[in-house]
Structure formats: C-alpha cells, structure tokens
Amino acid sequence: MIIYFFLLFIVSLPVYEYGVRTPYAVSHKKGYYLYTTICFTAIIGLRAVSVGCDTVQYQYRYTIYQEVLDNIASRNEIGFHFFNYICNKIGLNFQQYLFVTSFLMCLFTFYFFYKYSKNIYFSVFLFVSIGLFTVYMSGLKQSLAISFCMLALVLVLNKKIKFAIPLLVLATIFHNSAAVFFIVLFLHKVKLNKAKSYIFITISALALLYKTLLVELISKFMPEKYNIYDFEEGYNMNILLPIIAVLIPLFCTIFNNDVDENGFFCHETSILLCMSCLNIIFTMLAFNNSQLGRMAYYFVNANMVLIPNTVLLQKKDDKRIMATILGVIGALYFVISTQGGTLSIDNYLFYWQ
C-alpha cells in the first residue's frame with residue numbers, strides 16, 4: 001500500500017496549494033493533463049500480473065488470442081479480441097500490451113477531466129480516492145470501454161452527437177455493458193434546475209426500494225452469461241458506496257449557484273447531474289446483481305468533474321475548507337476500501353519485482 005499512500009500524497013498537494021486558485025489551475029491545465037497521463041500510465045501499466053484480481057486471467061487470454069478469437073462465444077465482444085489479435089501480431093508481449101492499454105485508458109479519461117473540469121488537480125485526486133483508479137488496475141476490458149465512453153462524452157457535451165455514436169459502438173464491442181452509455185445520447189437536451197435535480201436524486205435513491213423489480217426487468221435484456229452473477233453468492237458491497245453516490249449530486253446541487261436567469265444549470269452540468277443520478281441507480285441495483293452494479297462505472301466519472309466545479313464556485317476560504325474536508329474523506333475511503341478489497345490491488349509490485 002506504500003505506493004498508493006505516496007500517490008495520494010502527490011496528487012493531493014496541488015489540490016490544496018493551486019486547485020483553488022483559478023488562474024493557476026487554468027494556465028497549467030494542459031501540462032498537468034500530460035503529466036498525470038504519463039504517471040498513471042506508468043503505475044497501471046508497469047504493475048506485476050499479481051496486481052488486480054483479473055490481470056492473470058487477461059494475461060492467459062492474451063497468450064491464447066487465436067483460440068479466443070475463434071470461439072463463437074467471444075464474437076459479441078469481437079472488438080476487444082481483435083485488438084488483442086493485432087497487438088499479438090505486431091509482437092507486443094503482455095507487459096507491453098498492458099502498458100499500451102493503460103496509456104489509452106488514462107489518455108481518454110484524463111482528457112475528459114482536462115476539457116470539463118475547472119480544477120483538474122481535484123478531479124485527478126478524486127479519480128484515485130473515490131473514482132475508477134482501482135478498477136483500472138484490474139478490469140482491463142471494461143476499463144478500455146469506459147475510456148472510449150469518456151471520449152464519446154466529450155463529444156456529447158460539445159453537441160457532436162453523430163461523432164460520439166461510433167465511439168460508443170466501439171466501446172460496446174469491447175465490453176457489451178458499454179451499451180448502457182447510449183442513454184447519454186438522449187440527455188443532451190436535458191436542462192435541470194435545482195428543483196428538478198432534487199427530484200431526480202430522490203427518484204434515483206428510491207431505486208433501493210424498487211431494485212428487485214428493476215433487476216428482474218433489466219436481466220431479461222442481459223446476456224445470459226452475466227445473469228449468473230449476483231450478490232446473493234456472498235459478495236458484500238461496501239455500504240459507503242450508495243451513501244456517497246447520493247451525497248455527491250446532492251452536495252453539487254445545493255452549493256452550485258451557477259445558473260442562468262431562469263434558474264437552470266448549464267448544458268454540461270445538467271448532463272453530468274443526470275449521469276450522477278444514473279450512478280446512484282446502478283449502485284443501488286448492485287445489492288441484487290453485481291454485473292448491473294458495475295454499470296455504475298460508466299457514469300461515476302461525472303462526479304469527478306461535478307465536485308471540483310462546485311467547490312471552485314465558492315468563496316476563497318470556503319473553497320479551502322471544502323477541498324480539505326472532501327480530500328480527507330476521499331483519502332480515508334480509498335484506504336478503507338482498498339486494503340483487502342475484492343480487486344486485490346493492495347499488494348502493489350512492479351513487473352520486475
């Protein structure tokens with residue numbers, strides 16, 4: 001865990017020192033984007049195969065790429081398997097392949113932060129502490145799909161819907177669960193005010209009550225291979241997850257007063273709040289079905305932008321207080337959830353160790 005404590009320390013420093021100073025944050029945004037892409041690519045891509053519960057499995061599948069590609073059962077995620085085929089053919093060993101995939105994941109995810117976060121320092125810190133950093137250390141296939149979705153989200157927020165569709169198709173043929181992100185295409189015209197946001201959050205939180213009905217309904221459209229996984233088989237979800245999922249959009253709605261003359265949030269904030277609500281719903285469904293719970297991964301990055309953008313709207317002293325409190329909570333959550341966690345990343349080793 002030592003490398004993670006060091007990583008948390010490094011990414012937390014600019015949050016407090018520079019993150020609340022808007023001119024600095026803006027002027028150094030591109031440099032920090034490139035810096036973090038390189039650093040996180042190294043951490044994720046140079047890890048040993050023992051780090052991450054699924055890494056060894058991906059290594060095995062990579063070595064038998066032709067057999068996997070020829071398997072009819074693999075055709076529904078043909079993009080990922082064909083990608084493995086190409087990487088094999090150009091001579092990449094698994095460690096080099098792991099580095100390349102890590103670079104793509106970081107490049108596209110941090111690009112979303114770069115484009116839409118007003119405080120990229122804080123976004124990166126949240127990505128590590130309460131975001132998808134731990135997922136990127138294990139679930140390679142879905143993490144690639146998520147990163148493609150983040151690139152598509154940049155296009156959606158920029159109102160370039162027709163260019164986002166091919167990226168979402170690509171994400172779906174890498175991991176079928178990415179099909180859920182097509183929902184975002186229908187959110188580009190949504191405009192929320194505070195009242196509507198509170199209603200959306202409430203309805204989403206109430207998914208805890210009607211989750212069984214939703215799981216039964218959605219399961220009818222899921223591939224059969226995913227329906228065998230559920231939380232009744234002994235998987236215990238961290239109870240902090242649904243609580244945090246609800247509190248984040250609530251916090252961002254209460255403290256975000258950047259609205260137009262009619263009281264509506266801007267286009268980007270409205271979409272990100274809707275995504276945060278979808279994150280709540282799928283997090284609640286995780287109590288019944290683990291695979292549906294993993295759908296939340298596609299929407300959680302919205303919170304990594306909503307929180308910093310909300311904090312930056314506050315008065316100077318309030319910014320520092322909020323950044324400090326949220327930073328401590330995020331760091332504690334990371335330590336609690338990572339040690340002994342199901343993703344098995346706590347015992348970090350570089351591949352040469």
Using distance alone, with no hydrogens and no angle criterion, decide if Ser129 and Tyr333 have a side-chain donor and acceptor under 3.5 Å apart. no
Note, Asn84 side chain near Arg61 side chain (heavy atom, < 4.5 Å): no
Show me the donor-acceptor pairs, under 3.5 Å and distance only, between side chains in residues 200-207 and residues at least two apart or in other chains.
unit_1 : atom_1 : unit_2 : atom_2 : d
Thr202 : OG1    : Tyr198 : O      : 2.8
Ser204 : OG     : Phe200 : O      : 2.7
Ser204 : OG     : Cys277 : O      : 3.4

Let's go through Asn257 and Lys194 carefully: what are the C-alpha distance in whole Å and the side-chain angles of both, what is the deciding distance for side chain to side chain donor-acceptor pair (under 3.5 Å) to 0.1 Å, and is it a yes or a no? CA-CA 9 Å; Asn257 294 312; Lys194 290 202 173 193; 2.8 Å; yes
Minimum heavy-atom separation for Val154 to Tyr111, with atom names? CG1-CE2, 3.9 Å
Taking a hydrophobic cluster as the set of Ile, Leu, Val, Met, Phe, Trp and Tyr residues connected by side-chain heavy atoms closer than 4.5 Å, whether directly or through intermediates, do Tyr58 and Leu46 fall within one such cluster? yes
Do Tyr97 and Phe350 share a hydrophobic cluster, counting only Ile, Leu, Val, Met, Phe, Trp and Tyr and linking them when any side-chain heavy atoms are less than 4.5 Å apart? yes
Note, Cys266 side chain near Asp258 side chain (heavy atom, < 4.5 Å): no
Sub-3.5 Å donor-acceptor pair from the side chain of Glu77 to the main-chain atoms of Asn176, do we have one? yes
Determine whether Thr269 and Asn256 make a side-chain contact, defined as any pair of heavy atoms from C-beta on separated by less than 4.5 Å. yes
In terms of hydrophobic clustering (I, L, V, M, F, W, Y; side-chain heavy atoms under 4.5 Å; direct or indirect links), are Val56 and Leu349 co-clustered? no
With Ile307, which of Asn119, Leu326, Leu312 fulfils side chain to side chain contact (heavy atoms under 4.5 Å, CB included)? Leu326
Any heavy-atom pair between the side chains of Ile248 and Ile130 that's under 4.5 Å? yes
Minimum side-chain heavy-atom gap Arg47-Thr55 below 4.5 Å: yes
Tell me whether the count of non-hydrogen atoms from other residues, nucleotides or ligands lying under 6.0 Å of CZ in Phe182 goes above 12. yes
Assigning hydrophobic clusters by single linkage (Ile, Leu, Val, Met, Phe, Trp, Tyr; side-chain heavy-atom cutoff under 4.5 Å), is Val328 placed with Ile243? no
For Asp54 and Leu140, indicate whether the former's side chain and the latter's backbone hold a donor-acceptor pair under 3.5 Å. no
Heavy atoms of other groups near Phe264 CZ, more than 12 under 6.0 Å: yes
Keeping the roles fixed (side chain from Ser123, backbone from Ser117), state whether a donor-acceptor pair exists under 3.5 Å. no
Please determine which of Tyr114, Phe113, Phe108 meets the ring pair (Phe, Tyr, Trp, His ring centres under 6.0 Å) test together with Tyr33. Tyr114
How long is the span from the NE2 atom in His267 to the CG atom in Leu272, to the nearest 0.5 Å? 9.0 Å
Aromatic ring pairing Tyr298/Phe181, orientation class (parallel under 30°, perpendicular over 60°, tilted between): tilted
Can you tell me how far apart CD1 (Ile173) and CZ (Phe83) are? Round to the nearest 0.5 Å. 12.0 Å
With distance as the sole test, does Ser138 use its side chain to make a donor-acceptor pair with the main-chain N or O of Cys53 at under 3.5 Å? yes
Phe40 pairs by ring pair (Phe, Tyr, Trp, His ring centres under 6.0 Å) with which of Phe99, Tyr136, Phe110? Phe110
Side chains of Asn279 and Asn303 in contact at under 4.5 Å (non-hydrogen atoms): yes
Is a side-chain donor or acceptor of Thr109 paired with a backbone partner of Cys106 at a separation under 3.5 angstrom? no
Treating Asp318 as the side-chain partner and Gln314 as the backbone partner, does any N or O pair qualify as donor plus acceptor under 3.5 Å? no
Any side-chain heavy-atom pair from Leu155 and Leu167 closer than 4.5 angstrom? yes
For the pair Asp260 and Lys191, find out whether any cationic side-chain nitrogen is under 4.0 Å from an anionic carboxylate oxygen. yes
Spell out, yes or no, whether Val180 and Leu185 are grouped together once hydrophobic residues are joined by side-chain heavy atoms under 4.5 Å, including indirect joins. yes
Going by salt bridge (charged side-chain N to carboxylate O under 4.0 Å, His left out), name the pairs with one or both residues in residues 149-167, residues two or more places apart or in two chains. none
